[in-house]
Amino acid sequence: MQILYFGWVRTRVGHGKEELSPPDDVGTVADLIDWLKGQGDGYAHAFENAAAIRAAVNQEIAPHDAEIADGDEVALFPPMTGG
Amino acid sequence: MQILYFGWVRTRVGHGKEELSPPDDVGTVADLIDWLKGQGDGYAHAFENAAAIRAAVNQEIAPHDAEIADGDEVALFPPMTGG
Amino acid sequence: MIRVQDEDFDIGAEITRMTEGSTEIGGLASFVGLVRDYAGDEQISSMTLEHYPGMTEKQLERLESEARERWDLQDVLIIHRYGKLYPGDRIVLVITASPHRQASLESCHFLIDWLKTKAPFWKLEEKESGADWVDARETDSVAAGRWVRVSDT
Amino acid sequence: MIRVQDEDFDIGAEITRMTEGSTEIGGLASFVGLVRDYAGDEQISSMTLEHYPGMTEKQLERLESEARERWDLQDVLIIHRYGKLYPGDRIVLVITASPHRQASLESCHFLIDWLKTKAPFWKLEEKESGADWVDARETDSVAAGRWVRVSDT
């Protein structure tokens, strides 16, 4: 699964992109955030408040209960500030 | 009294500006419109529907009951269509 | 600043002049009105804008003051042309600059809505069937009325 | 049309390109967002815009389609820059052209409001006290929410 980070999620995690294979019981965006939280200090800091995290699955905005699967591109980021 | 006409009021009256001395009992814009109506065919046509006429006294929008006096600049015109 | 003129204007140059050197403008909104080539079902060949010299300038200045009073604006530009114009020609330009985008967008919208009913211009359209004065539209009065504040009524 | 680029843009040239030769546009509205030199009480020296290549283009195209569906528009242009910008620099340009002024004004306002919350950009401000990511503002969500149609909820 290709995972991308933007904004302060990226700076806390320490990089913008990685290929990860979460365990089988990670079936939704919420599961992924929860699992990532345990991947190290940077991750713990980035994902300490799951409600502050927005997600896109295959470049479409997705809610936390959206299902994700191997081969998906999942992006995690703070609320967007365009314009 | 300097009187100005614009838009279709001007084209019906036949000219855009004139110096007139209405009788003493013409004390408001409404009186003036009523008096002008009797000044000829073009005037009668221009002022046949007094409610359609807008006015400015000394270059300020004025209601029909606004008072007017000698020396004023009074303009009569259809609703404005700026922009 | 307001300008009443028969010459055309250059939108890019006006925006550049307004923003150049400024580091405090956050949003700049603009509106340009152009002459269309049809009115209802009829082709129009030209549009002549008549205005009330003297009063026009006063009214536009009043509109600018009103906008500056209602919104936090760094700059306002209103240019309104008069004379004979042809389809595709620019008629009017409104630009508003503010630290905040909502203030620039709203004040620009306000100014163009009020210009429609409060600027002493009258439009004569030349069509195949002859020349016709453009009637004021009810929808323009409604649009202008949206900006009347309760305290003003 | 949408463009995502690091280079600056020329507003006058874009407006000219959009209106040239057209005799059917009645109103053209535009909005330019610029980098201000302060954030709260602090001076900012630069702002870096990060974005999500691929998704950004898709989202902007979606916004353009949404605007064209809601309003009668002849043309839409959205340019959004990314990369390191300085106070006074242009960030974003929205232009909408329509036969009708209300359609151009409303759609331009709509697009810039939705860009704020739906375009995948994040802003890093460099200040004396260090670099800070700009937080999404509640007022931007409220502004964007005004355009949600009852049928969408």
Participant: Could you list the residues that satisfy side-chain hydrogen bond (donor to acceptor under 3.5 Å, both in side chains) with Thr11(A), not counting sequence neighbours?
Facilitator: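 Partners of Thr11(A) under the side-chain hydrogen bond (donor to acceptor under 3.5 Å, both in side chains) test: Trp133(D).
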Participant: Measure Ile61(A) against the heavy atoms of chain D and call it side chain, backbone, both or neither at under 4.5 Å.
Facilitator: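 For Ile61(A), backbone and side chain are both near chain D.
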Participant: Assess the residue pair Trp71(D) and Phe110(D) against the criterion (ring pair (Phe, Tyr, Trp, His ring centres under 6.0 Å)); give the C-alpha distance rounded to whole Å, side-chain angles, the decisive distance to 0.1 Å, and a yes or no.
Facilitator: CA-CA 10 Å; Trp71(D) 288 277; Phe110(D) 161 81; 5.2 Å; yes
Participant: Quick test of your reading of the model: are Arg17(D) and Glu14(D) salt-bridged, counting only N-O distances below 4.0 Å?
Facilitator: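 Yes.
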Participant: Which of these passes side-chain hydrogen bond (donor to acceptor under 3.5 Å, both in side chains) with Tyr5(A): Lys17(A), His15(A), Glu18(A)?
Facilitator: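 That would be Glu18(A).
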Participant: Let me know if Lys58(D) has heavy atoms under 4.5 Å from chain A in its side chain, its backbone, both or neither.
Facilitator: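 For Lys58(D), the contact with chain A is made by the side chain alone.
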Participant: Give the member of Gly7(A), Ala75(A), Ala56(A), Pro78(A) that has the highest number of heavy-atom pairs under 4.5 Å with chain D.
Facilitator: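 Among the listed options, the one with the most contacts to chain D is Gly7(A).
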Participant: Report, by ascending residue number, the residues of residues 72-96 of chain D in heavy-atom contact with chain A at a distance under 4.5 Å; give 'none' if the set is empty.
Facilitator: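 So the qualifying residues are His80(D), Ile91(D), Val92(D).
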Participant: For Asp34(A) and Ala30(A), indicate whether the former's side chain and the latter's backbone hold a donor-acceptor pair under 3.5 Å.
Facilitator: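 Pair absent, no side-chain N/O of Asp34(A) close to backbone of Ala30(A).
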Participant: Measure Arg10(A) against the heavy atoms of chain D and call it side chain, backbone, both or neither at under 4.5 Å.
Facilitator: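 Contact with chain D: side chain only.
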Participant: Write down the atom of Asp70(A), the atom of Met1(A), and the distance for their closest heavy-atom approach.
Facilitator: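 Heavy atoms only, the tightest pair is N-CE, 4.2 Å.
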Participant: Spell out, as yes or no, whether a donor-acceptor pair under 3.5 Å connects the side chain of Asp72(A) to the backbone of Val74(A).
Facilitator: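 Checked: no pair found.
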Participant: Less than 4.5 Å apart, side chain to side chain, heavy atoms only: is that true for Glu126(D) and Ser45(D)?
Facilitator: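 In contact.
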Participant: Under a 4.5 Å cutoff for heavy-atom pairs, which residue among Leu115(D), Leu124(D), Asp140(D) has the most contacts with chain A?
Facilitator: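 Between Leu115(D), Leu124(D), Asp140(D), the count favours Leu115(D).
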